[in-house]
Structures are given as structure tokens and as C-alpha cells.
Protein chains: 2
Amino acid sequence: MPSRALPYRPHNHDDCVSQALTDAREICQQKNARLTPTRERVLELIWQSHKPLGAYDVLAELTSEGHNAAPPTVYRALDFLQQHGLVHRIASLNAFTGCAHAGEHHTGMFLICRACGNVLELTDTSVAKAIHDATGAEAFRTEAITLEVAGLCPGCHTGPHHE
Amino acid sequence: MPSRALPYRPHNHDDCVSQALTDAREICQQKNARLTPTRERVLELIWQSHKPLGAYDVLAELTSEGHNAAPPTVYRALDFLQQHGLVHRIASLNAFTGCAHAGEHHTGMFLICRACGNVLELTDTSVAKAIHDATGAEAFRTEAITLEVAGLCPGCHTGPHHE
DNA sequence: GCAGAATTTGCAACATTATAACATTTGCAG
DNA sequence: CTGCAAATGTTATAATGTTGCAAATTCTGC
Ligand SMILES: [Zn+2]
Ligand SMILES: [Zn+2]
Ligand SMILES: [Zn+2]
Ligand SMILES: [Zn+2]
């Protein structure tokens, strides 16, 4: 089980970032998509932690690095990254997080801790099946699923310093 | 099966509205919550159709009726209605829709047609169970679930004027 | 390499959604 | 009636996201 699936536990996060960037380069190359410096830097910023980042947070980072950026700069980069399955938008937070399953066909399910702010992306086939069964029973043609669960992660609800 | 569960099919929508208002009055009375004229009017506006309404759409309606309203007027009414389980916010649309299961403990699942804009709220126990199983396996303490499915409703994907 | 097409970026203004802060009014209990 | 809490009015502002167009860059066919 890759450490990338465990944002709530201590792990070498540099590996998360470098793996995400390596994957992204490969995915873009295979699709003939241009992972330009700005796009790659935005992806890297998004991956700086497992806490989703708002578009204007990204913008502030770019600006502080001397990049002459405006909102469209960021939104365009984020659109590109979303299109190619490299980041997800978390609708309930108006924020963006790196995709933990880039390249794989999947339905993301996001576990959002309201205490520490970290987000874990899960893929669960039985959830996906249950949803498709339910929508199918209504003859609804599913195109996109937004599934975000807010609550407390194990690290936060067992008490930060006990157990 | 109540007609309220079938926004995609022709139905007597006035019944939806009056039932929702009747339910709301009873629920608020039982909880000793004050369903003031503004709050009730906002609820009625939300229920005017099965298409979610943005806060500023509600505001425009109120204004056109001569109500001296500002954004906080609407957001406060919507907060109240959400708190008491009378409306839901659809995160992926930044819009609000009447709760089709007010008073019942439920996990809403929203089927959003991108063509006609109608939203059907479903409650599906096997979906809820699958989600709770998946989050439980990660020792995550679930507090709120956002589940929104975008796609095409039966009326829109079978062709608007055929079978 | 070079001209032309397509994609990407810079830039300014603007649109939409949501909240903060504080004054005023209203409903209700004692 | 009085005093308190809840609700509302009012103004301003914050946060998030988009449009439109011009300039620069990159790709493509030659
Ligand atoms: Zn990590
Ligand atoms: Zn993903
Ligand atoms: Zn109806
Ligand atoms: Zn509901």
C-alpha cells in the first residue's frame, strides 16, 4: 500500500510530490499535452501538502515567487490539470487537491478532515457500484460524481495526543 | 410513490410547493423555530421549481416583489432553512434546492440534469451503507456527505421529443 | 530555417457568490 | 411596561471565478 494513500499518517511527503510530478510528466507526454513550467509549478504547489489549496492561495504563491500572475493564469493552469486528471476540485471547499490516482480511471471519493484539513482520496468500487445502481434505477445517465465526506480523520478524533 | 420524487415527469407541482410549506410549518412549530414571512417566502421561491436557485436569484425575486432585501437577508434565510433541514445547498452549482425528505433523517443524493437543470433528491440506503463502510475502513468519523451526480435525466437523454 | 496556424500567456476589467460589522426593529417573558 | 434575545436592515467588503483581447510562444508543413 503506497504511502500516498495515507495523508493522515506520517510519511515521506517529498515522495508524494516527486511521484506526482513524474506521473504527470509521463501522462502528459503520452497524451501529447504540454505540461508547461507554469502548469507544472501549479501542480507542485497543489501537492505541497494534502490540504486542498484555493486558487487564490496558488496565485499568492506564484506572485511571491516573482511570477507575474493574475487569476486567469491560475484558473487556466487548474483547468488544464483537471482536464488531464491531475488534480480534483473539491466543490465543498472551493479548493483543489492533487489526484492520488492519476492516469487510472476512477471515481474519487474525498475524506475531508475538518480539524486538520487533510484530504484523503479513496477509490471504492462498491460505493461506485451502489451509486450507479441507484442512478440507473432512475434511468439517469451519470456523467460525473461529486462525493465529498466531511468529518474527523483518525488522527483527529482519537485525540491528537492519546491512544 | 409520491409525485414529489419525480421532478422529471409531469406532475402537479403546486402540490409539491404546498406540501413543502405545510411540512415546514409543522417542523418549525415542533422545534419552536420561527418560520418568519421572509423565511417562508424564500422557501416558497426555492420550491418554485425543481431547478436549484442561486442566492442572488432569490434576492432578485424578493427585490422585484418590493422587498427591501440585501444579500444577508437571503443568506440568513437560507442558513435557517438549511439548519432545519428544509433546503439543501448543491455545492457543485452554488445553488439551493428544497429538501424532498424534510423531517426524515436522510443522506441526500442529488441527480442533476445538465440539460434541463432539474434536480432529483434520492435517498438510497445501500449507497449510504457503502459510503459508511468505506469511510469506516479508514477509521474516518463521517459527519456530512456531499453526493451530487451530474448527467442527463431520462427525459433529456431519450431525446426531448421521442419515446 | 521560415511562414502561417494553433496554443499559451499577459493583462485589464468585470461578474458572481458570500461574509463582516453594526445599527435598528421585533417578539416575548417577567 | 421593561428588558433581553432573536431577527432584520444597511453598508461595505471579501472571496471566488470569468470574459475579451492582444502579445508571445510553440508547433507544423515546407
Ligand atoms: Zn504526502
Ligand atoms: Zn483522483
Ligand atoms: Zn414538483
Ligand atoms: Zn433532503
Side-chain angles (χ1 to χ4, degrees), chain A residues 24-25 28-43 45-46 51-84 86-97 112 117 146 148, chain B residues 24-25 28-29 31-43 45-46 51-84 86-97 112 117 146 148 150:
Chain A
R25 290 190 197 102
C28 287
Q29 188 156 38
Q30 290 198 351
K31 294 167 134 191
N32 235 23
R34 291 165 54 189
L35 189 62
T36 62
T38 300
R39 291 167 174 172
E40 186 170 326
R41 182 61 184 141
V42 169
L43 179 61
L45 287 170
I46 294 285
K51 304 181 206 298
L53 220 51
Y56 279 74
D57 296 329
V58 174
L59 178 57
E61 280 291 331
L62 290 180
T63 300
S64 81
E65 292 171 1
H67 189 300
N68 203 344
T73 309
V74 174
Y75 282 101
R76 287 192 285 227
L78 290 171
D79 283 349
F80 172 90
L81 295 170
Q82 279 181 265
Q83 243 59 120
H84 295 85
L86 300 173
V87 307
H88 294 286
R89 180 170 191 275
I90 309 294
S92 59
L93 299 178
N94 293 337
F96 300 82
T97 194
I112 306 165
T146 298
E148 301 168 12
Chain B
R25 290 190 196 103
C28 287
Q29 189 157 37
K31 295 167 132 189
N32 235 24
R34 292 166 55 190
L35 189 62
T36 62
T38 302
R39 290 167 174 172
E40 185 169 327
R41 182 60 184 140
V42 169
L43 180 60
L45 287 170
I46 294 285
K51 304 182 207 296
L53 220 52
Y56 280 75
D57 296 329
V58 174
L59 178 57
E61 280 290 333
L62 290 179
T63 300
S64 80
E65 291 171 2
H67 189 301
N68 201 345
T73 308
V74 175
Y75 282 102
R76 287 194 283 228
L78 290 170
D79 283 348
F80 172 89
L81 296 170
Q82 280 182 92
Q83 252 30 144
H84 294 85
L86 301 173
V87 307
H88 294 287
R89 180 171 191 275
I90 308 294
S92 59
L93 298 177
N94 292 336
F96 300 83
T97 193
I112 306 165
T146 298
E148 302 169 12

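So that the names make sense, note that chain A is the first sequence line, chain B the second, and so on, each numbered from 1.
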Participant: Can you check the L35(B) CG to dG27(C) P distance for me, whole Å?
Facilitator: 14 Å
Participant: For F96(A) and dA15(D), what is the distance between atoms CZ and P respectively, to the nearest whole Å?
Facilitator: 17 Å
Participant: When the distance from CG of L53(B) to C1' of dT17(C) is rounded to whole Å, what number comes out?
Facilitator: 14 Å
Participant: Where the side chain of A70(B) is concerned, which of dT8(D), dT9(C), dT11(D) is the nearest nucleotide?
Facilitator: dT11(D)
Participant: Could you say whether R34(B) or Y75(B) is positioned toward the 5' end of DNA chain C, judged by the nucleotide with the nearest heavy atom to each?
Facilitator: Y75(B)
Participant: Return the NZ to NE2 distance between K31(B) and H84(B), rounded to the nearest 0.5 Å.
Facilitator: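 So the NZ of K31(B) and the NE2 of H84(B) are separated by 5.0 Å.
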Participant: How many whole angstroms separate atom CD of Q82(B) from atom C1' of dT17(C)?
Facilitator: 14 Å
Participant: Roughly, in whole Å, what's the span from CG in D79(A) to C1' in dT9(C)?
Facilitator: 14 Å
Participant: To the side chain of N68(B), which of dT8(C), dA18(C), dT10(D) is closest?
Facilitator: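 Minimum distance to the N68(B) side chain belongs to dT10(D).
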Participant: Among the nucleotides dT18(D), dG17(D), dT10(D), which one has an atom lying closest to any side-chain atom of T73(B)?
Facilitator: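 Closest of the options to the side chain of T73(B): dT10(D).
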Participant: Would you name the heavy atoms of L53(A) and L45(A) that are closest together and state the gap between them?
Facilitator: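 Smallest interatomic distance, heavy atoms only, reads CD2-O, 3.5 Å.
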Participant: With respect to the side chain of R76(B), which nucleotide from dG17(D), dT19(C), dG9(D) is positioned closest?
Facilitator: dG9(D)
Participant: Can you tell me how far apart CG (L35(B)) and CD (Q29(B)) are? Round to the nearest 0.5 Å.
Facilitator: 10.5 Å
Participant: Could you walk me through whether E61(A) and R41(A) pass the salt bridge (Lys or Arg N to Asp or Glu O under 4.0 Å) check?
Facilitator: CA-CA 10 Å; E61(A) 280 291 331; R41(A) 182 61 184 141; 5.1 Å; no
Participant: For dT16(C), does OP1 or OP2 lie under 4.0 Å from any side-chain N or O of N94(B)?
Facilitator: no
Participant: Can you tell me how far P of dT17(C) sits from CG of L93(A), to the nearest Å?
Facilitator: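 Distance, rounded to whole Å: 19 Å.
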Participant: Using the side-chain heavy atoms of P71(B), tell me which of these nucleotides is nearest: dA12(C), dT8(D), dA18(C).
Facilitator: dA18(C)
Participant: Both A95(A) and A77(B) contact DNA chain D. Which one's nearest nucleotide lies toward the 5' end?
Facilitator: A77(B)
Participant: Can you find a side chain N or O atom of T38(A) that sits less than 4.0 Å from OP1 or OP2 on dT8(C)?
Facilitator: no
Participant: Just by distance, do the side chain of E148(B) and the backbone of T146(A) share a donor-acceptor pair under 3.5 Å?
Facilitator: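 It does not hold such a pair.
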Participant: Answer yes or no: is there a donor N or O on one side and an acceptor on the other, between the side chain of R39(A) and the main chain of R34(A), under 3.5 Å?
Facilitator: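 Yes; at least one donor-acceptor contact below 3.5 Å.
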Participant: If I take atom CG in residue L59(A) and atom P in nucleotide dG17(D), what distance separates them, rounded to the nearest angstrom?
Facilitator: 12 Å
Participant: For the helix from dG1(C)-dC30(D) to dG30(C)-dC1(D), what is the angle between the axes at its two ends, each from 5 pairs, rounded to 10°?
Facilitator: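 The two end axes of the helix from dG1(C)-dC30(D) to dG30(C)-dC1(D) meet at 40°.
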Participant: Using whole Å, report how far CG of L62(A) lies from P of dC11(C).
Facilitator: 14 Å
Participant: Let me spell it out: for each of Y56(B) and A33(B), pick the nucleotide of DNA chain D with the closest heavy atom. Which residue's pick is nearer the 5' end?
Facilitator: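 Checking each residue's closest nucleotide, the 5'-ward one belongs to A33(B).
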Participant: Which residues satisfy the salt bridge (Lys or Arg N to Asp or Glu O under 4.0 Å) test with R76(B), sequence neighbours excluded?
Facilitator: none
Participant: To the nearest 0.5 Å, tell me how far T36(A) OG1 sits from F80(A) CZ.
Facilitator: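 One gets 7.0 Å once the value is rounded to the nearest 0.5 Å.
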